[in-house]
Colleague: 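Dumping the structure here so I can ask a few things about it.
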Amino acid sequence: QVQLVESGGGLVQAGGSRRLSCAASGRTFTFSSYYMGWFRQAPGKEREFVARISWTGGSTYYADSVKGRFTISRDNAKNTVYLQMNSLKPEDTAVYYCAAGPSIARVGDYWGQGTQVTVSS
């Protein structure tokens, strides 16, 4: 079993920055063996992919809508993945979810409870 707990959400003005964190744990969970990702869901919309990072952090991939503004990173010693969000826009307002999986195709095997990010104009 894997537990993912997001934090760092809140209210931020357009153009501002915010860093989300996701702490992972589990009795038999080896963080460095899992791909990690961030997804988001805005009101009335489907959940969408934001970013993912490989086991060692050497490979990252972003949705076009956040490329150049968001940065995903991980600290395997702390079992934590981060999402640094810069130049935030009102359309970035959503609940942000952390996800994990043993491969790219299975990043959604485990989910956190989500953290709300609201960007005011």
Colleague: Under the side-chain contact (heavy atoms from CB on, under 4.5 Å) criterion, do V81 and I72 qualify, and how do the steps go?
Modeller: CA-CA 7 Å; V81 63; I72 188 171; 3.9 Å; yes

Colleague: Please answer: with hydrophobic residues joined when any side-chain heavy atoms are less than 4.5 Å apart, are Y110 and W38 in the same cluster?
Modeller: yes

Colleague: Under a 4.5 Å cut-off applied to non-hydrogen side-chain atoms, are S17 and Q84 in contact?
Modeller: yes

Colleague: Applying side chain to side chain donor-acceptor pair (under 3.5 Å) to T80 and D75, what does each step give before you reach the verdict?
Modeller: CA-CA 5 Å; T80 301; D75 185 338; over 6 Å; no

Colleague: Examine distances only and state if a side-chain atom of W55 and a backbone atom of S32 form a donor-acceptor pair shorter than 3.5 Å.
Modeller: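 Judged by distance alone, no pair lies under 3.5 Å.
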
Colleague: Linking I/L/V/M/F/W/Y whenever their side-chain heavy atoms sit closer than 4.5 Å, directly or via other members, would I53 and V2 fall into one cluster?
Modeller: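 Same hydrophobic cluster.
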
Colleague: Rounded to the nearest 0.5 Å, what separation is found between the OG atom of S54 and the CD1 atom of I104?
Modeller: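 Answer rounded to 0.5 Å: 8.0 Å.
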
Colleague: Determine whether S25 and F31 satisfy the following criterion, side-chain contact (heavy atoms from CB on, under 4.5 Å), listing intermediate values before the conclusion.
Modeller: CA-CA 8 Å; S25 63; F31 183 73; over 6 Å; no

Colleague: Does the distance from a Lys or Arg side-chain N to an Asp or Glu carboxylate O, for D64 and K67, drop under 4.0 Å?
Modeller: yes

Colleague: Restricting to non-hydrogen atoms, name the atom on D109 and the atom on P102 that form the minimum distance, rounded to 0.1 Å.
Modeller: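 That closest heavy-atom pairing would be OD2-CD, 3.6 Å.
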
Colleague: Given 3.5 Å as the limit, does a donor-acceptor pair link the side chain of R106 with the main chain of Y35, or not?
Modeller: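 Between the backbone of Y35 and the side chain of R106 there is no qualifying donor-acceptor contact (under 3.5 Å).
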
Colleague: Is NZ or CZ of R19 both nearer than 6.0 Å to the six-membered ring centre of Y82 and within 45° of the ring axis?
Modeller: yes

Colleague: Tell me whether the guanidinium CZ or amine NZ of R47 lies under 6.0 angstrom from the six-membered ring centre of W111 and within 45° of its axis.
Modeller: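 Cation-pi check for R47 and W111: passes.
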
Colleague: Can you tell me how far apart NZ (K89) and CZ (R69) are? Round to the nearest 0.5 Å.
Modeller: 4.5 Å

Colleague: Should Y97 and Q41 be marked as a side-chain contact (heavy atoms from CB on, under 4.5 Å) after you check the CA-CA gap, both sets of side-chain angles, and the distance that decides it?
Modeller: CA-CA 8 Å; Y97 296 91; Q41 187 168 18; 4.1 Å; yes

Colleague: Please step through side chain to side chain donor-acceptor pair (under 3.5 Å) for the pair Y96 and R40, ending with a clear verdict.
Modeller: CA-CA 4 Å; Y96 283 73; R40 67 186 182 186; 3.0 Å; yes

Colleague: Let me see the working for L88 and F70 under side-chain contact (heavy atoms from CB on, under 4.5 Å), right down to the final yes or no.
Modeller: CA-CA 9 Å; L88 282 162; F70 290 11; 3.8 Å; yes

Colleague: What's the shortest heavy-atom distance between L20 and V117, and which atoms?
Modeller: CD2-CG2, 3.9 Å

Colleague: Could you pull out the closest heavy-atom pair between G114 and V95, with the gap in Å?
Modeller: CA-CG1, 3.8 Å

Colleague: First locate atom CG of L83, then atom OH of Y62, and finally report the distance between them rounded to the nearest 0.5 Å.
Modeller: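 Answer rounded to 0.5 Å: 7.5 Å.
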
Colleague: Please report the closest heavy-atom contact between A14 and P90, naming both atoms and the distance.
Modeller: CB-CD, 4.1 Å

Colleague: Aromatic contact between Y34 and F29, with the criterion being ring centroids under 6.0 Å apart: yes or no?
Modeller: yes

Colleague: What's the separation between atom CD in E46 and atom CD in E48, rounded to the nearest 0.5 Å?
Modeller: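 Taking CD in E46 and CD in E48, the distance rounds to 10.0 Å.
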
Colleague: Please answer whether the main-chain N or O of T118 pairs with a side-chain N or O of T93 as donor and acceptor at a distance below 3.5 Å.
Modeller: no

Colleague: If you look at every heavy atom in M36 and C98, which pair is closest and at what distance?
Modeller: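 Heavy atoms only, the tightest pair is CE-SG, 3.6 Å.
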
Colleague: Counting neighbours of CD on E91 that are heavy atoms of other residues, nucleotides or ligands and sit closer than 6.0 Å, is the number greater than 12?
Modeller: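 Yes, because the 6.0 Å sphere around CD of E91 holds more than 12 heavy atoms from other groups.
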
Colleague: Has the side chain of E6 got a donor or acceptor atom that lies under 3.5 Å from a matching backbone atom of Q113?
Modeller: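 Judged by distance alone, yes, a pair lies under 3.5 Å.
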
Colleague: Using only atom types and a distance under 3.5 Å, with no angle test, would you say the side chain of T115 pairs donor to acceptor with the backbone of G9?
Modeller: yes

